[in-house]
Structures are given as C-alpha cells and as structure tokens.
Amino acid sequence: MLRSDSPKAHLTALFQHAASQFALAEHISIELERPKQASHGDFACNIAMQLAKALKRNPREVAQLILASLPVSDLVEKTEIAGPGFINIFLKPVAWQNVALQTLQAGEEYGRSGLGQGKKVQIEFVSANPTGPLHVGHGRGAAFGASLANVLAHAGYQVHREYYVNDAGRQMDILALSTWLRYLSLGNQFVPFPANAYQGDYVSAMADSIFALHGDRYMRPAAEVIADVADATSDPEGHLDGLIANAKRLLGADYAYVHGHALEEQLGDGRNDLTEFGVIFDTWFSERTLHESGMIDKAVKQLQQHDHIYEQNGALWFRSTAFGDEKDRVVLRENGIYTYFAADIAYHLNKFERGFDRVIDVWGADHHGYISRVKGALTAAGADADRLTVALVQFAVLYRNGVKASMSTRSGQYVTLRDLRAEVGNDAARFFYVLRKSDQHLDFDLDLAKSQSNDNPVYYIQYAHARICSVLSAWGGSEKDLIDVDIARLDQPQELALLRRIAEFTDTVDAAARDLAPHSIAYYLKDLAAELHGVYATCQFLVDDEALKLARLSLIAATRLVLRTGLALLGVSAPEKMTREEVQPSPENAQAATSLTNDESRV
RNA sequence: GCCCCCGUAGCUCAGUGGAUAGAGCAUCCCCCUCCUAAGGGGAGGGUCACACGUUCGAUUCGUGUCGGGGGCACCA
C-alpha cells in the first residue's frame, strides 16, 4: 500500500482540512517549511500565527484549535506547539521511507510539478549577432536559457526554444565589409583596415575561403573603395558607413553573396558551438524575414491606428513616454530604414500571434532599459504585455591573470565560448555558469576554472552518481527488483536525511521554474550529493543481510535517478565512472610551491 | 541626473517574514585491511553595509544614506 503523494502534499491536505473551519482560512495558503533544527520536527506550520490577528486570539490558542481538528494520519508520529505558535510535525520514518519507492516508480517523471499545466511557453535566448564567435558572455545566456528551458519543461510547460538571428542591419554590413576588405588585400588591393571593423582572425579566414572558392570575382580597385569616404580618425563610424556604401555600389548584386557568406559562416559556427554545448533550439528566427514579409510595416501601422506614432525630423517616432519610457523612440529612420526596435515590436507581436501563453526573453543586463520600451509597444499595439517576461542575466566578467579581460567582439580580443569549453570542459562550464543567480555578476576566473577544475562542485555531484553506479554494478541485479522491497529497514539518520532530500526535488523544480532560477537546481544537487556521500561513509550497501541490502540499494537507486534527472536539467552529464587524470606537478608549479613556502618561512 | 543589479564568514557565494543565518575554498585536527579518499567527521571564523519605518516577529518587505558593478543611440 504505497501512497502516491509526498509527505508534504499529504500534510498540506490535512492542514487545509483543519483550517477550513475558519472562514478566513480560504485566503491563507498552507505553508509547511522544513525547520533548520531537527528538534523542531520534520515540518513546521505557521498558520496559527497567520490566523491569530484576524481571529483576535492568541496564536498558541489558535494552534490548539487547528490541532484539534487535524485529521488523524498514519504518517504522523506527533505534533507540538512551539515558540510563538508554530505547529511542529514529527513524521514516522515510514513517511520518508516510502519516498524511495515512489521515486523509483515515477522514474524519469519524478520531480514533475503541475506548475506549467501544459501551457505553451516560448523562451528566446542567446540571440547573439552572428558577427563572430560566441564569447563567454554569450555562454552564460546559453547555459542559463537552456537550463531554464529544461526546468520549465520538467515543471509541466510545453517549451519552445528560439534564437533570434540579427541578420539585418549595420553590424552585419560591417562584418561583410570587414570580410571583403581582407579579401581585397589577397588581390593586392590594399584599403587601410578600419580600427572599428571586425579584427578577428575568423574574418581573414572567411576572406581566404571566398578567394579560394571564387578567385578575384569580387575584386575591386582599392582607390574606388575609399573614394569619397569620410576621414577615419575624425569620423570613424561615418568612415565605415562610407565604405559599406561603396561596397554595395561596387559589388552590386554580388554584395549579397559576400554578406550571405559571412552570415552563414558565423551562424553555422555559433550553431555548432551551441550544439556541442548541449544547447539546442527549435527555431532560428530571422530578423530579415520581418522586413521582407512586411511584418514590420504591419506592426507600425497597428501602432499608427492606435495613434501612438508621430513624425518629427523626417523620422517616425513611437510615443513610448505614454507607456512609462523616459523618451520617445524612433521606429522608422530619416533614411527610410526601420530601427532594430521596430523589428523587435513586430517580432514580439509575432510571438504572441503564434499562440504562446507565455513568452520569456533572456537578455543581457545591459538591455534593461529596453524592457519598458518593448512592453510599452506591445501594450500600445493592443497586446497583453504581461505575457512577456524578460529575464535579465548579469554580465559574466572574465578574469585572466587576475585582470579583467576585454570582451569586445570588434577588437577580436576575447575568449570564445569554444576556448572556454575546451579548457574546462562542457560539464564544468555548464555548471559553473548556472551556479550563480542570474542577477548576480559572474566573475569567471579563467585561471581558477582551469587550474582547479578538479575542485569544481560538478565533480562532487558526478562522483556521487558514479559511486552509486559502481555499487549497483557490483551488485549486478536489476533496478526493477528494488521497487518492491522492505523499505522499513532504512533507519539510519543519514539514510532518512537522504530520503528527505529526495522528497524535496519536486518542490525545488517547482520553485526554480516559478522564479526562473535554475541555479537552485545546482545547489539542490550539491546538497543531495552531500547526503549521498554521508550515507556512503556510514552504511555498507552490499551486506549479507539480503533485506537490508535491497532496502539500501533501493535508496541509492532512487538517489541516482534524481541526480541524473537534475544533472540533465542543467545539461551536465552523469558519468558512471570517474577516472582521475593523475596530474604530475610541472617544474614551474613545483618551483612556485617552493618559493611560496620560502616566503612564508621568512615571516 | 535617471534606471537596473549587488553589499551575508578571510575569499567566492547560497538562503529565509519566524524559533540557534549556511555551503565551498582557505586555516587547524582526525578517518582508507572495507562498494573509487574527486569521500567522510570535527574546530575556529558573522553588528547579514548603515539608519529609519511596516510587522506579533525583519538579515528577508519599504524608504533613505554609503560603497561596488552596469545601462541610458535615427547601434544591433
């Protein structure tokens, strides 16, 4: 007779029943928390204190009334009223022991919560300009977004992952120009390479490949390329724009090829990078299609119909100040080209049209000022802006040799996500990225990540998983035989602590989904692994007592399931074996260690 | 000037409207004849930046101050 509800859900129902005698209780949610101190029981309920004021009675007195009408349960050992009016509940061991069997029965479904109720949610993340390799800042957005998407899916949402491709606009033109200038130099047409163009080696590589494929088909005289272009020192941006205009004129229809080649190369590179990082998208949505399909025209017309657009200085402005923005914003420039903002309005209206109940954008914290603008435009267009949630992810600041490293894509001086993955591994990178709250700045110390990768908490968790695999493998039996065992043999404090932790998983997933906080999964897994290691250190699993052995194996099999499920949510692998690479101290390290010792001995 | 994030142990950071605020690293001390010691146990270490409010109760919520970081384009 295995119950299907968790101990907490069971108790919540009991308290709901007990509280229903008070009319006011309908507005109060039953909160059961796990006390920090074991002497306060398995759960503590503060409902008496919540009700006390409205009832104008002493909280301890209210607690008495609640307890008097609390239905009898075979899981409850005893209850007590403590402190200012807490009701502490002590459960019988069987309440927790059942958790192991419940977990094994649920299998991969364990931890699912009803939060999402099958609602469709779209999550858009990364969406980096395809103008160069992804860097460590994009990595954080990728790891956060992918983990959050997994968490939402496990919490019962139907999740759609999308990448918005900024394939229109000036930045892409600058990349195309940069590539073309490098290409021209291959035919000895030397145009001074602008300092504010894309400097990275990947640009030259693309030029090489175009030259290899098509020879001098796109070659033009350098003198014509720089003709009538603004001075590079006094007007660097105007200089770039002049070069772009000349490139478009001189190349004619061929410009689209150079532009398209650069786009495809960079987008493909980013896609491969992300795929290797375990970050997969359902849709890659092209900004250009918004322009070409007339969706932006439509969106702006929609705003015009609601009288939120006016003309000034030859441009069209959206009156965003009417929606809480600090100033009005241009949607159609004087030159007749829509702004990025205009495209984004159309894009978000399109998201809503596609029938998502909820839309989540993962943006870098530098975009925070942009939120009110987009939401304002959605409201202005008659859409429900509350269906859009923007999750801001603070910067990942990179440190190398203790110094903040430059992160500029144009200057080409940055560490790529690919480099980072190669150095610390995908698992450590994914885990490290989500180990901080998203609204916390992340100091990513490369040297530390590299030199101490063996101390990374991800290994601690993976090791717990590997240990279980090792034991179950040595046992050699089938996991199915562990679903129906005499679980009452689990009575050690460490075993019960582990069971309690396993029981928390569903609430953890639920809270992580609700708060858009995948980091709490990472912290939960650390705690879970710690409990497992504790049991491992105190209990022998493969003992002669057959019933005890099966009970303990059942416990660790359930633990393995939760570890696996949780790690999968974070995109981290769950290895069955951990093999340590014996690192021999290099001569420099040995020297450094020696000199450090000498320094200390001088004190 | 306006807006956003942060301020918790020596360091990096979790956490909570509740009853004695936690982890990892670092420091110190223990534990492998035994399923991987990438492990376990223990010790020390705190004015939860500061002030005032709200509350039965504030480290948590609000306001202000101070400190750190970031953002305020007819760029994307």
Side-chain angles (χ1 to χ4, degrees), chain A residues 31 33 35-37 39-40 44 46 49-50 52-53 58-59 82-86 88 127-129 131 164 166-174 237 287 312-317 325-327 329-344 364-372 392-395 397 435-443 445 448 452-464 466-475 494 519-520 522-524 526-527 529-530 532-543 552-553 556 577-581:
Chain A
E31 285 172 34
E33 57 169 34
K36 287 163 191 158
Q37 283 178 266
S39 63
H40 291 154
N46 64 357
M49 288 177 285
Q50 289 186 73
K53 194 177 183 186
N58 181 309
F86 290 105
N88 293 338
S127 301
N129 286 347
T131 52
Y164 182 50
N166 302 136
D167 52 4
R170 184 164 178 265
Q171 296 303 327
M172 270 310 301
D173 281 327
I174 296 173
E237 297 303 320
E287 178 190 357
Q312 188 181 310
N313 302 333
L316 287 186
W317 295 70
D325 201 0
E326 53 194 19
K327 58 171 286 200
R329 308 290 173 174
V330 170
V331 288
L332 185 64
R333 295 189 198 104
E334 195 179 356
N335 64 10
I337 298 173
Y338 283 118
T339 58
Y340 179 82
F341 176 47
D344 235 351
D366 55 332
H367 284 64
H368 87 266
Y370 197 67
I371 299 174
S372 59
L392 289 182
V393 178
Q394 291 291 328
F395 286 172
V397 185
L435 201 53
R436 293 278 170 277
K437 273 191 298 209
S438 56
D439 52 11
Q440 178 81 248
H441 289 274
L442 173 63
D443 290 342
D445 187 330
L448 191 73
Q452 297 199 349
S453 61
N454 272 5
D455 292 333
N456 193 301
V458 73
Y459 292 96
Y460 182 80
I461 298 165
Q462 289 181 321
Y463 183 47
R467 275 183 144 178
I468 296 170
C469 290
S470 174
V471 173
L472 291 177
S473 160
W475 169 54
Q494 290 86 353
H519 77 278
S520 52
Y523 280 92
Y524 169 79
K526 274 166 76 173
D527 291 339
L532 183 278
H533 288 309
V535 169
Y536 192 97
T538 43
C539 302
Q540 185 86 10
F541 301 106
L542 301 175
V543 292
R552 287 185 171 165
L553 291 176
I556 62 171
K577 277 193 179 123
M578 301 287 283
T579 47
R580 185 205 282 278
E581 285 177 34

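Letters A, B, ... mirror the listed sequences (proteins, then strands); counts begin at 1.
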Can you measure [X] atom [atom1] to [N] atom [atom2] for me and round it to whole angstrom units?
{"X": "A:Tyr523", "N": "B:G22", "atom1": "OH", "atom2": "P", "result": "16 Å"}
{"X": "A:Asn46", "N": "B:C56", "atom1": "CG", "atom2": "P", "result": "15 Å"}
{"X": "A:Asp443", "N": "B:G24", "atom1": "CG", "atom2": "P", "result": "21 Å"}
{"X": "A:Lys36", "N": "B:U60", "atom1": "NZ", "atom2": "P", "result": "13 Å"}
{"X": "A:Arg467", "N": "B:G39", "atom1": "CZ", "atom2": "C1'", "result": "4 Å"}
{"X": "A:Trp317", "N": "B:C74", "atom1": "CH2", "atom2": "P", "result": "6 Å"}

In whole angstrom, give me the gap between the [atom1] atoms of [N] and [M].
{"N": "B:G17", "M": "B:G7", "atom1": "P", "result": "15 Å"}
{"N": "B:C30", "M": "B:A37", "atom1": "C1'", "result": "14 Å"}
{"N": "B:A14", "M": "B:C25", "atom1": "C1'", "result": "14 Å"}

Please confirm whether the shortest side-chain N or O distance from [X] to OP1 or OP2 of [N] is below 4.0 Å.
{"X": "A:Tyr370", "N": "B:C72", "answer": "no"}
{"X": "A:Lys437", "N": "B:C5", "answer": "no"}
{"X": "A:Lys327", "N": "B:C74", "answer": "yes"}
{"X": "A:Tyr459", "N": "B:G24", "answer": "no"}
{"X": "A:Arg436", "N": "B:G15", "answer": "no"}

Whichever of A:Cys539 and A:Leu435 has its nearest RNA chain B nucleotide further upstream toward 5': A:Leu435

Closest-nucleotide ordering on RNA chain B, the 5'-leading residue of A:Ala315 and A:Asn88: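 By nearest-heavy-atom nucleotide position, the 5'-most residue is A:Asn88.
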
Anti or syn - B:C61, cut at 90° from 0: anti

For [X], report the nucleic acid contact type (base, sugar-phosphate, nothing); a contact means any heavy atom under 4.0 Å.
{"X": "A:Met172", "result": "nothing"}
{"X": "A:Lys577", "result": "base"}
{"X": "A:Ala466", "result": "base"}
{"X": "A:Gln440", "result": "sugar-phosphate"}

Distance-only donor-acceptor test, A:Asp167 side-chain atoms vs B:A76 base atoms, 3.5 Å: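 Not at all, since no donor on one side and acceptor on the other fall under 3.5 Å apart.
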
Under-3.5 Å donor-acceptor pair between A:His441 side chain and B:C6 base: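 A donor-acceptor contact between them is absent.
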
B:G69 pyrimidine/purine six-ring stacking with A:Phe395, under 5.5 Å and 30°: no

Stacking check A:His40 vs B:A19 (5.5 Å / 30 deg):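 Stacking between A:His40 and B:A19: present.
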
Nucleotide nearest A:Arg170 (side chain, heavy atoms from C-beta), chosen from B:A76, B:A38, B:C35: B:A76

Aromatic plane relationship, A:Tyr370 with A:Phe341 - under 30° parallel, 30 to 60° tilted, over 60° perpendicular: perpendicular

